[in-house]
Peer 1: 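Starting off with a structure, shown below.
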Amino acid sequence: MLKAVLLDFNGVVINDEAIHRALIDELLLTENLRPLTPADYQQFCLGRSDRACLVDLFEHRGRGLTEAYLQKLIDRKAESYHQKLVAVETLPIYDGLKDFLEKLQLQRLAIALVTGAVRAEVQYVLNRSGLASYFPVIVAGDDITASKPQPDGYQLAITKLNQWRQSQAVADSLLDDTAPLLPENCLAIEDTFAGIEAAKKAGIGVVGIAHTYPYHFMQRQANWAVDRFDELDLDRLQVIFSRPKVAV
């Protein structure tokens, strides 16, 4: 059965890729390095943590980074990101997200966030947008060393979801099923190739949502593809997940 849904953050929860690209360009400019090309951003940044993105971008431009200096760059970008969001009147949260999260809760599906973004950025957005209560489990870039497309974030999220499910069962008997959550009980929602690959490596089925790439790109990469949250048919997905697996 489908028991949990794990969402990416940038490009799935919040439409902020343009902000991130501009901030990375600013960092490169201050470091006297050539700006991003579209190919650079797609190869090194989309779907990946700031840490992985900056390390690879700087190496691609012939510059190595010490751990201390890399952390300064990450902190500087995080502060600039926060300032950008504080300045906007309304956060660019994707349409239909809150309704979708409410449907997940009604069906008693566990929810997690799996992202390479800095935890402080994630928490600010979720708190300000009123979405924090929907995500009992968050795996952020601070929690892992290997960025997507590696599966580490999804694997850690399943571990944390199992801990949360057990605590809920003990606290108030919320869950009828307390059997350990497995990758095949989970669904990921991603908008980038790196994220889709990470979920698949973790053994998790993926919906590609066409927020960042066109629908037909998502269709080629993910198990399922949609343009918007309101196109996700949870009842149909539950039927698909409930089908017996055929041994190969």
Side-chain angles (χ1 to χ4, degrees), residues 1-15 91-115 117 119 122-123 125-140 148 153-192 195-196 198-200 202-212 218 222-243:
M1 290 182 62
L2 177 61
K3 299 179 183 179
V5 176
L6 295 75
L7 292 84
D8 183 33
F9 180 66
N10 307 112
V12 173
V13 170
I14 183 169
N15 184 6
L91 292 178
I93 303 299
Y94 280 100
D95 290 340
L97 174 62
K98 188 170 184 179
D99 288 342
F100 177 66
L101 294 173
E102 288 177 354
K103 289 177 182 177
L104 296 181
Q105 284 194 335
L106 286 173
Q107 294 201 17
R108 291 191 172 185
L109 296 174
I111 308 172
L113 199 68
V114 183
T115 177
R119 180 173 291 273
V122 175
Q123 290 179 329
V125 170
L126 295 182
N127 289 335
R128 183 175 160 186
S129 60
L131 298 174
S133 62
Y134 292 101
F135 295 97
V137 168
I138 297 172
V139 173
K148 298 173 185 178
Y154 278 106
Q155 292 168 340
L156 179 58
I158 290 176
T159 298
K160 288 180 173 291
L161 278 171
N162 273 318
Q163 294 169 349
W164 174 78
R165 280 162 52 85
Q166 289 300 320
S167 69
Q168 290 295 104
V170 170
D172 55 18
S173 301
L174 174 67
L175 298 173
D176 301 320
D177 175 14
T178 57
L181 190 69
L182 301 174
E184 53 263 37
N185 304 132
C186 300
L187 178 72
I189 302 178
E190 285 280 359
D191 68 307
T192 66
I196 291 169
K200 285 185 172 181
I204 298 172
V206 195
V207 170
I209 193 162
H211 287 166
T212 303
M218 294 290 93
N223 301 97
W224 304 277
V226 295
D227 283 309
R228 306 179 308 273
F229 280 109
D230 61 10
E231 294 178 347
L232 276 161
D233 187 336
L234 291 174
D235 292 333
R236 179 171 174 269
L237 284 169
Q238 193 63 266
V239 170
I240 293 170
F241 272 75
S242 299
R243 289 172 182 164

Peer 1: Would you mind reporting whether K200 and N223 have side-chain heavy atoms less than 4.5 Å apart?
Peer 2: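 N223 reaches K200 side chain to side chain.
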
Peer 1: Between the main-chain N or O of Y94 and the side-chain N or O of N15, is there a donor-acceptor pair closer than 3.5 Å?
Peer 2: no

Peer 1: List for me each residue that meets side-chain hydrogen bond (donor to acceptor under 3.5 Å, both in side chains) alongside E231, sequence neighbours excluded, and say none if there are none.
Peer 2: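 In terms of side-chain hydrogen bond (donor to acceptor under 3.5 Å, both in side chains), with neighbours along the sequence ignored, E231 is linked to R228.
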
Peer 1: Within the 4.5 Å heavy-atom criterion, are F241 and N185 side-chain neighbours or not?
Peer 2: no

Peer 1: Does any part of the side chain of L7, heavy atoms only, come nearer than 4.5 Å to the side chain of F135, both counted from C-beta?
Peer 2: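 Side chain of F135 against side chain of L7, heavy atoms only: contact under 4.5 Å found.
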
Peer 1: Which atom pair, heavy atoms only, marks the closest approach of P183 to A202?
Peer 2: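 Scanning both residues completely, I find the closest heavy atoms to be CB-O, 3.3 Å.
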
Peer 1: On a heavy-atom basis, which atom in D191 and which in M218 lie closest, and how many Å separate them?
Peer 2: O-CE, 3.7 Å

Peer 1: Under the side-chain contact (heavy atoms from CB on, under 4.5 Å) test, which residues partner K160, sequence neighbours left out?
Peer 2: V137, V139, L156, Q163

Peer 1: Within a 6.0 Å radius of atom CG on D233, are there more than 12 heavy atoms belonging to other residues, nucleotides or ligands?
Peer 2: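 Correct, the count exceeds 12.
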
Peer 1: I want to check something: taking the side chain as every heavy atom from C-beta on, are D99 and D230 in contact at a cut-off of under 4.5 Å?
Peer 2: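 Not in contact.
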
Peer 1: By side-chain hydrogen bond (donor to acceptor under 3.5 Å, both in side chains), which residues pair with Q238, not counting sequence neighbours?
Peer 2: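 Once residues adjacent in sequence are excluded, Q238 has no partner under the side-chain hydrogen bond (donor to acceptor under 3.5 Å, both in side chains) criterion.
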
Peer 1: Measure across V114 and L6 and return the closest heavy-atom pair with its distance rounded to 0.1 Å.
Peer 2: CG2-CD2, 3.9 Å

Peer 1: If you compare all heavy atoms of L161 against all heavy atoms of A112, which two are closest, and at what distance to 0.1 Å?
Peer 2: CD1-CB, 3.9 Å

Peer 1: Determine whether a donor-acceptor pair (N or O, by modelled atom type, separation under 3.5 Å) exists between the side chain of N127 and the backbone of Q123.
Peer 2: yes

Peer 1: Please report the closest heavy-atom contact between D227 and H211, naming both atoms and the distance.
Peer 2: O-CD2, 3.9 Å

Peer 1: For I189 versus V12, what's the shortest heavy-atom pair and its separation?
Peer 2: O-CG2, 3.9 Å

